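The structure displayed is predicted, hence computed values, not measured ones.
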Amino acid sequence: RGATVDISDHRQEEALHKKAEALLRYYDRTLEAKVEAKVEERTRQLAEVSLRNWRLANYDALTSLPNRNLLFEHLRKGLQQARRRWRLLAILLVDLDGFKQVDDTFGHDAGDELLRQVAIRLQQCVRATDTAARLGGDEFTVVLPDLEGPDAAAAVAQKIIARLAEPVPLGEAIGMVTASVGIAVYRPESPDSLELAMTLLRQADAAMYAAKRAGKNALRF
């Protein structure tokens with residue numbers, strides 16, 4: 001004797017319930033993965049935009065050198081480091097002699113290419129710890145931290161003058177410019193303020209014009 005109960009429907013319900021749970025878990029995992037992927041992609045895009053904006057704000061679009069903003073940041077840190085280590089720092093103001101003639105003769109595209117080549121040559125003349133920047137037009141600035149004496153700055157300036165005097169290929173034409181370099185030296189007994197940094201730049205500018213008055217293609221302290 002016995003009693004039987006047909007549980008086929010119950011078993012089917014259990015199977016459907018388990019299948020539904022498995023599908024929900026898979027859906028949750030898939031949705032979570034998609035959300036994570038979207039968050040990662042959005043984070044990457046934001047980082048790229050942020051980096052692009054930072055570069056636009058701190059680098060010269062034509063030469064890819066640091067612009068005035070980043071120059072002052074490096075100069076500020078350089079002055080602090082010079083005072084902390086009790087070393088000299090030099091600012092070189094480099095102005096191209098004859099750039100306008102090249103620009104007028106061969107066109108603005110050639111002038112832009114010449115500025116790009118000058119930027120490359122400037123970077124080849126300095127150390128990785130130095131900063132070569134474009135102030136604007138055909139004016140460039142070089143910050144030389146951690147110097148033992150002014151002679152080291154003069155040596156770099158002479159190297160820049162010699163390198164920039166070499167012919168510059170501009171497509172089918174050849175551009176020729178020289179450089180007048182003004183040098184101002186920071187000594188660690190002075191304050192490392194932004195005001196002093198501006199004074200050093202003005203002194204380097206005055207020295208550069210003294211080099212031009214002396215016949216160009218030269219340096220002056």
Please check if Leu201 and Val126 belong to a single hydrophobic cluster, counting links between Ile, Leu, Val, Met, Phe, Trp and Tyr side chain heavy atoms closer than 4.5 Å. no
Quick one: pull up CG in Leu79 and CZ in Phe72 and give me the separation to the nearest 0.5 Å. 10.5 Å
Calculate, to the nearest 0.5 Å, the distance between atoms CZ and CG belonging to Arg187 and Leu88 respectively. 5.5 Å
Determine, using the 4.5 Å side-chain heavy-atom cutoff (strictly less than), whether Leu70 and Met198 are members of one ILVMFWY cluster. no
With distance as the sole test, does Arg134 use its side chain to make a donor-acceptor pair with the main-chain N or O of Gly137 at under 3.5 Å? yes
Closest approach of Ala119 to Leu65 (non-hydrogen atoms, all atoms of both residues): CB-CD1, 3.5 Å
Ala197 and Leu75: which non-hydrogen atoms are nearest, and at how many Å? CB-CD2, 3.6 Å
Please determine whether a side-chain nitrogen of the Lys or Arg among Glu41 and Lys38 lies less than 4.0 Å from a carboxylate oxygen of the Asp or Glu. no
Leu114 side, atom CG; Leu170 side, atom CG - distance, nearest 0.5 Å: 5.5 Å
Under a 3.5 Å threshold, yes or no: a donor from one side chain and an acceptor from the other, between Thr199 and Arg202? yes
So if you build clusters from Ile, Leu, Val, Met, Phe, Trp, Tyr with side-chain heavy-atom gaps below 4.5 Å, do Leu122 and Val143 land together? no
Arg163 and Cys125: which non-hydrogen atoms are nearest, and at how many Å? CB-SG, 3.7 Å
Just verifying a value: how many Å separate Leu93 CG and Leu135 CG, rounded to the nearest 0.5 Å? 6.0 Å
Are Leu96 and Val118 close enough, and set up right, to give a side chain to side chain contact (heavy atoms under 4.5 Å, CB included), and what steps lead you there? CA-CA 9 Å; Leu96 302 182; Val118 166; 4.0 Å; yes
Beyond-backbone contact of Arg87 with Leu147, side-chain heavy atoms, under 4.5 angstrom: no
Roughly how far, to the nearest 0.5 Å, is the CG atom of Asn217 from the NZ atom of Lys212? 10.0 Å
Counting distance only, does the side-chain N/O of Thr43 pair as donor-acceptor with the main-chain N or O of Val39 below 3.5 Å? yes
Any chain of hydrophobic side-chain contacts (each under 4.5 Å) joining Val168 to Met176? no
So for atom CZ, which belongs to Arg44, do other residues, nucleotides or ligands contribute more than 12 heavy atoms lying within a distance under 6.0 Å? yes
Any donor-acceptor pair under 3.5 Å linking the side chain of Asp192 with the backbone of Arg76? no
Would you check if the side chain of Arg127 reaches a backbone N or O of Pro145 as a donor-acceptor pair within less than 3.5 Å? yes
Which heavy atom of Ser180 sits nearest to which heavy atom of Met208, and what is that distance? O-CG, 3.5 Å
To the nearest 0.5 Å, what is the distance between OG1 on Thr178 and CD on Glu166? 13.0 Å
May I ask whether Leu71 and Leu194 are part of the same hydrophobic cluster, defined by side-chain heavy atoms of I, L, V, M, F, W, Y residues being less than 4.5 angstrom apart, directly or through others? yes
Is there a donor-acceptor contact under 3.5 Å linking the side chains of Glu13 and His17? no
